[in-house]
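Data block below; observations after.
Convention: sequence-line order gives letters A, B, ...; per-chain numbering from 1.
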Amino acid sequence: MKEIPKAYNPQDVEDKIYKKWEDSGYFNPDNLKLAEKADYFSISMPPPNRTGTLHTGHAIMLAYQDLMVRYNRLLGKKTLWLPGTDHAAIATQAKVEKELYKKEGKTRHDLGKENFLQKVVEFAEESKNIINKQVRKMGSSCDWSRERYTLDEGLTHVVKKAFIKMHEVGLIYRGDRIVNWCPHCMSTLSDDEVEYQETKGKFYTFKYAEDFPFAISTTRPETKLGDTAVAVNPKDKRYKKYIGQTFTINIGAGEQKIKIIADDSVDMKLGTGALGVTPAHSMIDYEMAQKNNLPVIKVIGEDGKMTALAGKKYQGLYVLAAREKLVNWLEEKGLIEKEEEIDMNLSVCYRCSTAVEPLPSKQWFIDVNKKITLTDNKYFQNKSIKEAALGVIKDREIKIIPQKFEHDYFRWLENLRDWCISRQIWFGHQIPVWYKNKGRLNEEIFVGMNAPKGKHWVQDEDTLDTWFSSGLWTFSTLMDKSFVKYNSWEDWVKGSKDLEFHPTSVMETGYDILFFWVARMIIQTTFMMGEIPFETVYLHGLVRDEKGRKMSKSLGNVVDPLDLIKKYGTDALRVAMITGTSAGADTRLYDEKVEGFRNFVNKLWNISRYILTSVSEIKRIKDKPQVKTLADEWILSKLDLVIEQVTKDLDKFNFSPASDVLRDFTWNDLADWYLEISKIEKDKDEILLYILERLLILWHPFIPFVTEAIWENFEADDLVMVQSYPKAEKRVKEAEEFNLIVDIISLIRNLRAENRIEPAKKVNVKLIGGKNVKLLNDQGEIIKGLARIDNLEILNKGEKPGQSVGGVVSGVEVYILLEGLVDKAKETKRLTKEIESIKNYISRLEKKLGNQEFVKNAPKEIVDKEKVKLKEQKEKLQKMEEQLKSIK
RNA sequence: GGGUAUAUAGCUCAGUGGUUAGAGCGUUCGGUUCACAUCCGAAAGGUCAAUGGUUCAAAUCCAUUUAUACCCACCA
């Protein structure tokens, strides 16, 4: 007999086990021994950013996905979990820039594009290695042979194809628009990359000039240097007479012509009810300017400083300095009427928290409203991107769990504006567009896979939004890495065997990137493939600290998943993150919680140790062993119920309840009760092994390491990760269960009588579904305190099932209410009560309807309604009576 | 400003119209050489946020209120 350590030590086994898994080749579906017509199950791993290390968000995602993947693999499906990483353009570049500045005091421009990119690539490679090591540490059973990277050759090729195809049908266009500009990253941002911070701001009310007829209000006086109009509400009597007039002012930028325009969107109550229109630096103002044909004057540059158009006095100043200077000047001139402190939301860059500057700029956009028709694509038959992406969720082709997020998804899409996809970043997919004579009148543009022939073609310097490539992730990763042998896109798609795993089965990710990523995958995949990217979206919540706060460096409450793994083991961390939470709900993670599951893992280890060391021979038990006592029958039927419940829960993505059920069975029923019995009633080897074997498989998706480590004791057999999932046997008849309980109670009495259990000690009666036996008097009221078995007269075995077990305590008649597994008594009682209640109701209804006066006088609808009710209740009654009969 | 959640034991959470509302942790008490102190047993602890309504029956459905969280918009 092999020595099994007293306590489970994850550190000793995890790496070894992972290596064993990886060496087995079973992460790769091609190596699974499968039934011929096996279904597939596939998940694309959301690629972690190559920006450093994994955090708890990654850990929870890996735990969920590995759980689903292992479960489906055990079910015998052709299972693929495809790993990879994301280059994360802005994020990665920003990180390297920060390091560079910290270490060498240099900017990317000091290094030059080539040298800088070299550094980024090195950093990204290093990050990848760290990340992949950590993904392994989490026990992820993903197929490393299929690992992909958003910047690898194949994917880059797909990205270009996507751009070109979208351009061809007119979805991608180049245009002048107001974009969100981050002066620090020196790049555009999409609307979703802008965040808001609550800040205190000053709300100034002033006149442009002494002779200007009224004052305007703003929080950003410096932008007023670029004003070309003042907008007022057309209903506003104060200003009606000025509409259409033009005034000339000079606040430092030279002569500015200000036209008074009317616009419904102006709030008459806010400030003076007059709004200075700065077309170049506000989205709304820009729209007004378009409507009214106003000039756009750009007074703030890409570097966040005032431009020449802002006037000599202000040129070159940062916006805040310019603001101060202008306000001082206005004060001197006595033009300021009011200065108020207000709370406002400042737009900031989601990467570097720099204030975002809206700027007019020429960029590439995806048109979300243009209707297009594509051959062989059912989603795009005179449909826009918006409509197609709405349709797949509305038609429930894609299911979102939890469903409440569908609402958010719809609202986001409905309000979606054209998506700006060009970024002024060096690291990423360079836009596949070449120019000749860029910016001149005779400019030529070429869009294609490679540079066109001929001289003087220069490729667009910009790169694509990182989400443009991630949006293609589910299918691009399944296409052959090498496309060289294919002549066309169609050939490539046809020749890529792995596309059999597409659409992927599940997309599991955090709800925080529903818009960023999930929505874009839907958009781009339906467009490129005429296929949905995934069938189900499972969204998990954010991981928070013990107090429910977001983890952040500044709060110092960041939990490193690796620390927890070191302390408690991967299994404990995994199950701690999944238990006690539901889809879309945030999870709190803290030491005590993980510790609790470490204790459980150790418990399972010891249960196994006990069984494996006490049986005479360790072997697999294929068929249900022979039942010798009622305790055997009980534990085996309980196991069946557990299998049934767990399977049902996992199929419905209810992970937490599944682990609860398993834990309850393992700890309360098996360890605390049945193992104790087995010490007295001998000859239970087969049953113990039978249960252990199945229990390990059931637990495996949750806690893969410890289950595999224990499984190693079944030496002759393959890994637990490729066993077949247990199926529930036919449920034993309820009467048997009933008798079983009675017998177990008898058993306890006998044990007492033989002095094998101390008579004074209260007996553990948790055997019944983990619940206590409670005593009721004949009124059905609880007699406080636990049933002392000593005081009970156990019923005869022949007692009719469906009734409580009765007895006498101190002269009072009592009933044991059997809860949990055997709930016949409970169910009977409940049904009887309900039936009585409904009967009562029915008789009242009948009486009412039998009353001629009521039928005559009451409105017809009410009478009809009552009739319908009566019918419904009668049906219900019948159902219940049948139910009651079936129980009896 | 618009929206979406959430509110159940000291804490973290189950409970998806039907008995007497549950679990884990924590607390208190008792035990423990014999698989496990990373253990075992027991107890205490609840106006199910408030109010009103629907229903034969409400923690559960509806409305209002209060509190909290998140998302979106606006930022004149």
Side-chain angles (χ1 to χ4, degrees), chain A residues 4 6-8 196 199 201 203-205 216-220 231 265-267 270-278 282-285 342-347 402 404-405 407-408 411-412 415 511-512 514-515 541-542 546 548 568 572 579-582 584-588 590 592-593 595-614 656-657 660 663-664 668 671-672 675-676 679 761-764 766 770-772 774 776 780-782 785-786 817 819 823 825-834 836-845 869 873 880:
Chain A
I4 302 175
K6 237 179 151 179
Y8 171 64
Y196 301 96
T199 37
F203 192 50
Y204 302 92
T205 299
I216 54 143
S217 303
T218 181
T219 54
R220 301 201 54 189
S265 63
V266 178
D267 182 351
L270 193 64
T272 57
L275 145 72
V277 180
T278 320
S282 153
M283 301 269 180
I284 298 227
D285 293 9
I342 57 157
D343 293 318
M344 52 179 248
N345 276 328
L346 187 66
S347 319
K404 66 176 182 189
F405 283 104
H407 185 266
D408 288 349
R411 228 156 37 89
W412 178 81
N415 297 321
Y511 66 74
D512 51 331
L514 177 62
F515 306 140
L542 305 177
E546 194 170 5
Y568 304 110
T579 306
T581 185
S582 53
D586 292 350
T587 316
R588 299 188 187 200
Y590 44 91
E592 289 84 342
K593 197 170 172 184
E595 197 184 339
F597 287 102
R598 189 268 318 263
N599 295 354
F600 173 75
V601 168
N602 187 61
K603 184 79 187 179
L604 182 64
W605 176 264
N606 270 293
I607 289 168
S608 311
R609 184 160 92 103
Y610 173 74
I611 294 176
L612 293 171
T613 50
S614 67
S656 181
D660 282 346
R663 186 188 140 104
D664 195 42
N668 297 333
D672 289 350
L675 287 191
E676 294 306 321
K679 288 176 188 170
K761 196 176 160 189
K762 285 178 185 174
V763 163
N764 170 17
K766 267 196 168 178
K771 302 282 165 71
N772 292 328
K774 288 169 186 168
L776 303 185
E781 292 157 349
I782 289 183
L786 182 81
L817 186 63
E819 287 188 287
D823 52 4
K826 184 173 150 184
E827 196 59 17
T828 309
K829 202 166 173 154
R830 181 179 70 81
L831 280 171
T832 314
K833 204 171 163 190
E834 274 173 43
E836 208 167 293
S837 162
I838 290 173
K839 269 185 184 163
N840 236 329
Y841 182 46
I842 288 176
S843 79
R844 270 176 30 212
L845 276 176
K869 257 191 202 166
Q873 292 300 324
M880 283 190 171

Distance check, [atom1] atoms only: [N] and [M], in whole angstrom units.
N: rG22(B); M: rA35(B); atom1: C1'; result: 29 Å
N: rU28(B); M: rC34(B); atom1: C1'; result: 29 Å
N: rA9(B); M: rU51(B); atom1: C1'; result: 24 Å
N: rG46(B); M: rA50(B); atom1: P; result: 14 Å
N: rU64(B); M: rA21(B); atom1: C1'; result: 26 Å
N: rU12(B); M: rC29(B); atom1: C1'; result: 25 Å
N: rA44(B); M: rU38(B); atom1: C1'; result: 26 Å
N: rU66(B); M: rG45(B); atom1: P; result: 34 Å

Nearest-Å distance, [atom1] ([X]) to [atom2] ([N])?
X: R663(A); N: rG22(B); atom1: CZ; atom2: C1'; result: 14 Å
X: N668(A); N: rG22(B); atom1: CG; atom2: P; result: 15 Å
X: K6(A); N: rC39(B); atom1: NZ; atom2: P; result: 13 Å
X: D660(A); N: rC13(B); atom1: CG; atom2: C1'; result: 9 Å
X: E592(A); N: rC11(B); atom1: CD; atom2: C1'; result: 10 Å
X: K679(A); N: rC40(B); atom1: NZ; atom2: C1'; result: 10 Å
X: Y610(A); N: rC34(B); atom1: OH; atom2: P; result: 12 Å
X: F600(A); N: rC40(B); atom1: CZ; atom2: P; result: 11 Å

[X] side chain near [N] phosphate (N/O to OP1/OP2, under 4.0 Å):
X: K603(A); N: rC40(B); value: yes
X: K593(A); N: rC13(B); value: no
X: S582(A); N: rA14(B); value: yes
X: R588(A); N: rU12(B); value: yes

Give each protein N/O atom lying under 3.5 Å from an N/O atom of nucleotides 5-10 of chain B, with the pair distance.
{"from": "rA5(B)", "atom 1": "O2'", "to": "K404(A)", "atom 2": "NZ", "distance (Å)": "3.4"}

Partner nucleotide of [N] by Watson-Crick or wobble geometry (both distances under 3.5 Å):
N: rA35(B); result: none
N: rA58(B); result: none
N: rU16(B); result: none
N: rA63(B); result: rU51(B)
N: rA9(B); result: none
N: rU4(B); result: rA69(B)
N: rG46(B); result: none
N: rC74(B); result: none

* Find which nucleotide of RNA chain B each of I607(A) and N602(A) is nearest to by heavy atoms, and output the residue with the more 5' nucleotide. =>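 It is I607(A), whose closest nucleotide lies nearer the 5' terminus.
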* Just compare rC36(B), rU38(B), rU12(B) and give me whichever is closest to any side-chain atom of Y590(A). =>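 Given the options rC36(B), rU38(B), rU12(B), the side chain of Y590(A) is closest to rU12(B).
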In Å and rounded to the nearest 0.5 Å, what is the [atom1] to [atom2] distance from [X] to [Y]?
X: D512(A); Y: D586(A); atom1: CG; atom2: CG; answer: 9.0 Å
X: Y610(A); Y: K679(A); atom1: OH; atom2: NZ; answer: 5.5 Å
X: Y204(A); Y: T218(A); atom1: OH; atom2: OG1; answer: 9.5 Å
X: I284(A); Y: L275(A); atom1: CD1; atom2: CG; answer: 8.5 Å

Using side-chain heavy atoms (C-beta onward) and a distance below 4.5 Å, is [X] in contact with [Y]?
X: L542(A); Y: Y511(A); result: yes
X: Y568(A); Y: K593(A); result: no
X: Y196(A); Y: L346(A); result: no

* To do: Identify whether any heavy atom of A585(A) sits under 4.0 Å from a base atom; if not, whether one sits that close to sugar-phosphate; answer base, sugar-phosphate or nothing.
  =>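 The answer is nothing, as A585(A) stays clear of every strand by at least 4.0 Å.
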Counting N and O atoms only, with roles assigned by atom type, does the side chain of [X] sit under 3.5 Å from a partner on the main chain of [Y], one being a donor and the other an acceptor?
X: N602(A); Y: A7(A); result: no
X: N606(A); Y: K6(A); result: yes
X: S282(A); Y: T278(A); result: no
X: N415(A); Y: R411(A); result: yes

* Would you verify whether the NZ or CZ of K603(A) falls within 45 degrees of the ring axis of F597(A) while also being under 6.0 Å from that six-membered ring's centre? =>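 No.
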* Asked: Along nucleotides 66-76 of chain B, 5' to 3', which nucleotides get a B, which get an S, and which get a -, given that the test is a protein heavy-atom distance under 4.0 Å?
  -> ----SB-BBBB
